[in-house]
Amino acid sequence: FQTRDIQEIEKHVFGTFADTFDPATACPHRIYQHWATEVDSSVYTTPVVFDVASDGVKDIVVPTFARHIELLDGPLGRNSPGFPFTFPNSVFYSSALIYDINRD
């Protein structure tokens, strides 16, 4: 590859050149990371954002690869009481499907 070829690939894949990329202005939506956390096992699926407790606060439902469902408090990233919930001898290969059975 020539240098110009690599630059064209960068521009096509990332929308800009790596040497001029500015993370402060790259996203027009101004997304900020407020917290980071760890869960009990590897995660191979997309977490689901949902108000599980119907309290007006979004929670994050995280199915882990090795038998756990984690429920994280959205604003703080902490485990919610009663979680992680364990399904013995199970693994999760897909995201959670949220459904309110009793419509509360």
Side-chain angles (χ1 to χ4, degrees):
F1 286 111
Q2 300 286 330
T3 301
R4 65 180 169 75
D5 295 330
I6 293 171
Q7 287 178 337
E8 286 304 313
I9 291 170
E10 286 176 351
K11 184 157 174 65
H12 180 73
V13 173
F14 302 110
T16 187
F17 299 120
D19 58 346
T20 60
F21 178 75
D22 179 10
T25 60
C27 180
H29 300 288
R30 301 292 181 246
I31 298 171
Y32 301 100
Q33 178 180 336
H34 289 276
W35 51 262
T37 191
E38 292 183 11
V39 293
D40 287 341
S41 178
S42 300
V43 177
Y44 298 115
T45 65
T46 304
V48 176
V49 177
F50 184 76
D51 182 5
V52 173
S54 298
D55 58 1
V57 177
K58 299 289 185 184
D59 303 296
I60 301 155
V61 180
V62 184
T64 66
F65 183 69
R67 75 183 181 273
H68 301 293
I69 295 287
E70 305 267 356
L71 181 66
L72 306 175
D73 174 79
L76 303 174
R78 296 185 189 136
N79 270 329
S80 294
F83 287 87
F85 187 82
T86 302
F87 291 89
N89 303 316
S90 297
V91 294
F92 296 101
Y93 296 103
S94 65
S95 298
L97 175 64
I98 306 298
Y99 183 75
D100 187 0
I101 294 172
N102 60 0
R103 303 196 190 275
D104 60 348

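Residues take their numbers from the sequence shown, with the count starting at 1.
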Linked, directly or transitively: I98 and V52 (ILVMFWY side chains, under 4.5 Å): yes

Test of understanding: clusters of I, L, V, M, F, W, Y form through side-chain heavy atoms closer than 4.5 Å, transitively. Do F50 and V57 belong to the same one? no

Tell me which donor-acceptor pairs under 3.5 Å the side chains of residues 60-77 have, and how far apart each pair is, sequence neighbours excluded?
residue: T64; atom: OG1; partner: H68; partner atom: N; Å: 3.2
residue: T64; atom: OG1; partner: H68; partner atom: O; Å: 3.1
residue: H68; atom: ND1; partner: T86; partner atom: OG1; Å: 3.1
residue: E70; atom: OE2; partner: D40; partner atom: N; Å: 3.0
residue: D73; atom: OD2; partner: L76; partner atom: N; Å: 3.0

How far apart are the closest heavy atoms of V49 and K58, and which atoms are they? CG1-CB, 3.7 Å

Residues V48 and A96: closest non-hydrogen pair is CG2-O, 3.4 Å

Give a yes or no answer on whether the side chain of T46 reaches the backbone of S95 with a donor-acceptor pair at less than 3.5 Å. no

